[in-house]
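This report refers to the structure that appears directly beneath it.
Keep in mind that what you see is a predicted model, and the values were worked out from it rather than measured. Scope of the values below: all heavy atoms of this structure, side chains included, with no hydrogens, waters or symmetry mates.
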Amino acid sequence: AGPAREQEAAPAAVGSSGQGKGGGRGRGAGEAGSRRAHTDATSAGGRGRGACSSGASTAVPKNSGLGAMQGGGAAASSSGPPGVAPSSAAAGREWDLQLGVDRKNASRGGFKISHLEEIFANNAFIHNVYPIARDQAGCRMLQHKLDEGNAEIANAIFSEVLLHCVELMMDPFGNYLCQKLMDMCNVQQLEMVLDRASTALVRISLNMHGARAVQKLIDVVRTTPFVPRLVAALEGAVVALTKDPNGNHVIQRCLESLPPEAHSFIFRAVASDIIDVASHRHGCRIVQRCIDASKGHDRWLLTGAISQSSLTLVQDPFGNYVVQYILGLHDPKANSQIISCMLGRLNVLSRQKFSSNVVERCLQVSGPEDRIRMIMELSDVRSLGELLRDVYGNYVVQSALFLACEPQLTQFLGVVRPLLPSLRASGQGRRIAQKLEKKYPQLRAGGGNSSVGTTSNSSAAAHIGRANEAAAVGRSGTGNTGGAPAMVPPTQASHDGTSLIHGAGGVAFSYAATLAGDGPGGALS
C-alpha cells in the first residue's frame, strides 16, 4: 500500500483486537476503538474497508505462481481460523489454492492482472489453461493468444480445453473460449469435441452458458458429416429442451442452421406431445417456429396434431396462440377441422378469456358454410342473453353480427331485439345495448321490415372493442355499400309448409322456434 499509507494505518492497528471485523461499512478500528482510530482506519483502508486491508496485506508474501489470486492479501481482513493471525491465515489460504485444494473458489477468485501478464510472458499458461480459462481476464488473454495465429500454441490450448470441454462450455467465462476454438477447429477436431461432449450435450444445453456454446457447435457442425451424430445426442430430449428457458434456444438454432432433412426429429417429437409443448410458455413459441420451418408431410403432421387438440389448446393461456397461428395460415382444411372441434361448445368457449379470442378469429377466417353454422349456434335464444351480458361473450356476439350475411343478419337481430330491455338493467349491459342500437338502428324500430342497408359495415374497427381484433376483415356478399335497402323476401316457408311473415315479431318467433327444434346446440350441460 505504500509507506505513507502504512504509517497512516499503524495507529489503527493498536485500536482494538476486534479490528479484523471492521472491514465493512467504515468500522475500521473495531467497536472499542476511539473516534480518532476509527477515522485513521477508514482513511487508510479506502472506501471504508478498514486498516487491515492495507496493513495486513503487506505481511503476505507476493507469489508469482498460478495460485496467487487477485485480492489474496486482502482475504486476511475477514477470513482465517480462530486464534490464527490474519497474515498467517492469508498465507495459508494462498498456499492451499496453490496446491489446488479449492480449485473452484480459486478460479472464481480471479488472477491478478500482473500475475497473468507474467504467466503469459513466460508461456507458463500452456499446462494451466483450465483454471486460467475460468477467469475473466485470463479467458480474454487466452483468446488473444489464439488470435496470434501460432498453430503450436493453438493446438496446445485446444488439447487442454478438450479435456475439460464439458465444464468449460458451462462456465461463465470458459464458454467464450470454447466458442472461439470451435470457429478455428478443423473437421477432425470437431469430431473430437462431439465425441467428448455428446453424452452431456443435453445437460450443457439446459445450462444458461452452455446453451450458447451448443448453438455455436450447431453452427459449425452443419456443414460437416457429423450432423446425424449431433441429432442423435439431442433426439431423446426435444420436449424437455423446448420447455426450458435455455434449451429452447438450442432447438430454435437447430431449425435455423441444420439442413431441412435434419428437422424431422424435432417435428415428430413436438407433434407426439403437442398439448404439453404448446401449453408451455417457451414451448408455444417453438411450435410456431416448427410450423414455419416445416413443409409437405411435416407441415401436415403438425397442423393435424394441433387441429385435433384444438379444443384443449384454445382454453390455454399459451396454447390459444398456437391455434390462432394455424388459423392465420388460411389452410381451409385445418381451419374447418378446428371449427368442427369447437362447434357445440361455442357458448362456453365464448365466455372464457382465452378461447373467446379464438372464436372471434374463427369467425373471421372461416368459410361461408362454417361461418353460418357458428352464427346459428351463437344466436341461440337460450344462450344469447348470457353471452351479451358476459365480459368476453359480448365481443363474440358483436363480431358475429358484423360478419353475418343476409338473411342471417336480419334473423340474428330479431333474436337480439327482445333481449335489449333486460340488457339495459346493468351498467355494462346498458353500454352494450347502446352500442348495438347505434350500429344497428333497426333494433330501435318497433316493427316492420328491417333495413340492413343503414348499418355501417365498411368500418371493421367499430364492430369490436378489442385492440387485437380491430383489423379490417373482408366480407363477401354482406350487402350494400351504396346505401340501398337490402332486399328481404316477404315470406319464407317453414318446415310444415306454412308461410312466415317477416316482421319484427315474426322473424324472432320463427328463428327461435327453428333453433329450439333442431338447432345446432346451445349451452353445455
Side-chain angles (χ1 to χ4, degrees), residues 274-279 284 287 303-405 408 411-412 415-416 419 432 463-466 468-469 473 511-525:
I274 190 63
I275 293 179
D276 190 23
V277 177
S279 300
C284 68
V287 175
T303 56
I306 295 169
S307 300
Q308 292 175 5
S309 306
S310 58
L311 185 60
T312 302
L313 294 177
V314 296
Q315 303 176 67
D316 185 80
F318 305 107
N320 77 91
Y321 293 109
V322 175
V323 178
Q324 292 187 61
Y325 198 79
I326 293 293
L327 293 171
L329 299 177
H330 300 286
D331 182 353
K333 183 178 180 181
N335 291 356
S336 182
Q337 189 174 0
I338 292 173
I339 293 172
S340 297
C341 291
M342 298 172 63
L343 283 173
R345 303 168 179 84
L346 294 182
N347 177 37
V348 174
L349 297 176
S350 299
R351 290 185 285 112
Q352 294 181 11
K353 180 178 181 179
F354 307 111
S355 55
S356 61
N357 289 304
V358 184
V359 175
E360 292 185 58
R361 185 65 173 158
C362 287
L363 284 168
Q364 295 172 6
V365 302
S366 60
E369 295 182 1
D370 288 329
R371 184 178 299 164
I372 289 173
R373 294 164 62 193
M374 292 184 69
I375 293 177
M376 285 183 63
E377 182 175 341
L378 290 170
S379 59
D380 189 343
V381 68
R382 295 168 295 184
S383 59
L384 183 58
E386 188 178 18
L387 285 178
L388 285 170
R389 288 187 294 269
D390 187 77
V391 64
Y392 304 116
N394 75 87
Y395 291 107
V396 177
V397 174
Q398 293 179 56
S399 294
L401 284 169
F402 178 80
L403 296 168
C405 303
Q408 199 173 25
Q411 296 172 339
F412 201 164
V415 181
V416 171
L419 301 174
I432 297 172
H463 86 281
I464 188 167
R466 297 179 181 179
N468 62 343
E469 298 295 339
V473 180
Y511 192 57
T514 303
L515 290 175
D518 55 356
L524 289 176
S525 58

Distance from C341 atom SG to L311 atom CG, nearest 0.5 Å? 7.0 Å
Is the shortest heavy-atom distance from the side chain of R345 to the side chain of M342 under 4.5 Å? no
Any donor-acceptor N/O pair, S336 side chain to P332 backbone, under 3.5 Å: no
Would you say V322 and D316 make side-chain contact, with heavy atoms under 4.5 Å? no
Considering all heavy atoms of both residues, which atom of Q337 and which atom of G304 are nearest to each other, and what is their separation? NE2-O, 4.5 Å
Of I375, L384, L378, which is the lone residue that meets side chain to side chain contact (heavy atoms under 4.5 Å, CB included) with V397? L384
Rounded to the nearest 0.5 Å, what's the gap from OH on Y321 to CZ on F354? Could you check? 7.0 Å
Please check if the side chain of Q315 supplies one atom and the backbone of S355 the other of a donor-acceptor pair under 3.5 Å. no
Heavy-atom nearest pair, C284 first then A278, reads CB-O, 3.4 Å
For I274 and S309, work out which heavy atoms get closest and say how close. CG2-OG, 3.7 Å
So how far is it from N320 CG to N357 CG, rounded to the nearest 0.5 Å? 6.5 Å
So, taking the atom named CG in L346 and the one named CE in M376, what distance separates them when rounded to the nearest 0.5 Å? 12.0 Å
Verdict with reasoning, L349 to V396, per side-chain contact (heavy atoms from CB on, under 4.5 Å): CA-CA 10 Å; L349 297 176; V396 177; over 6 Å; no
Is the backbone N or O of K353 less than 3.5 Å from a side-chain atom of S356, with the two atoms forming a donor-acceptor pair by type? yes
For Q408 versus I372, what's the shortest heavy-atom pair and its separation? NE2-O, 3.1 Å
How long is the gap from CD1 on I432 to CG on L419, to the nearest 0.5 Å? 12.0 Å
Say whether, by atom type as modelled, one donor and one acceptor occur between the side chain of R371 and the main chain of S366 under 3.5 angstrom. yes
So, does E360 use its side chain to make a donor-acceptor pair with the main chain of S399 at under 3.5 Å? no
Under a 3.5 Å distance rule, please check whether Q352 uses its side chain to pair with a backbone N or O of Y392 as donor and acceptor. no
Are side-chain heavy atoms of N335 and C362 found at a separation under 4.5 Å? no
Strictly distance-based, threshold 3.5 Å: is any side-chain N or O of R373 a donor or acceptor partner for the main-chain N or O of E369? no
Distance in Å, D331 CG paired with T303 OG1, rounded so as to fall on 0.5 Å steps: 6.0 Å
How close do S350 and L387 get, counting heavy atoms only, and between which atoms? CB-CD2, 3.8 Å
Are any of the side-chain heavy atoms of R382 and N347 separated by less than 4.5 Å? no
Would you say Q411 and S379 make side-chain contact, with heavy atoms under 4.5 Å? no
When every non-hydrogen atom of S279 is compared with those of F318, the smallest separation belongs to O-CD1, 3.5 Å
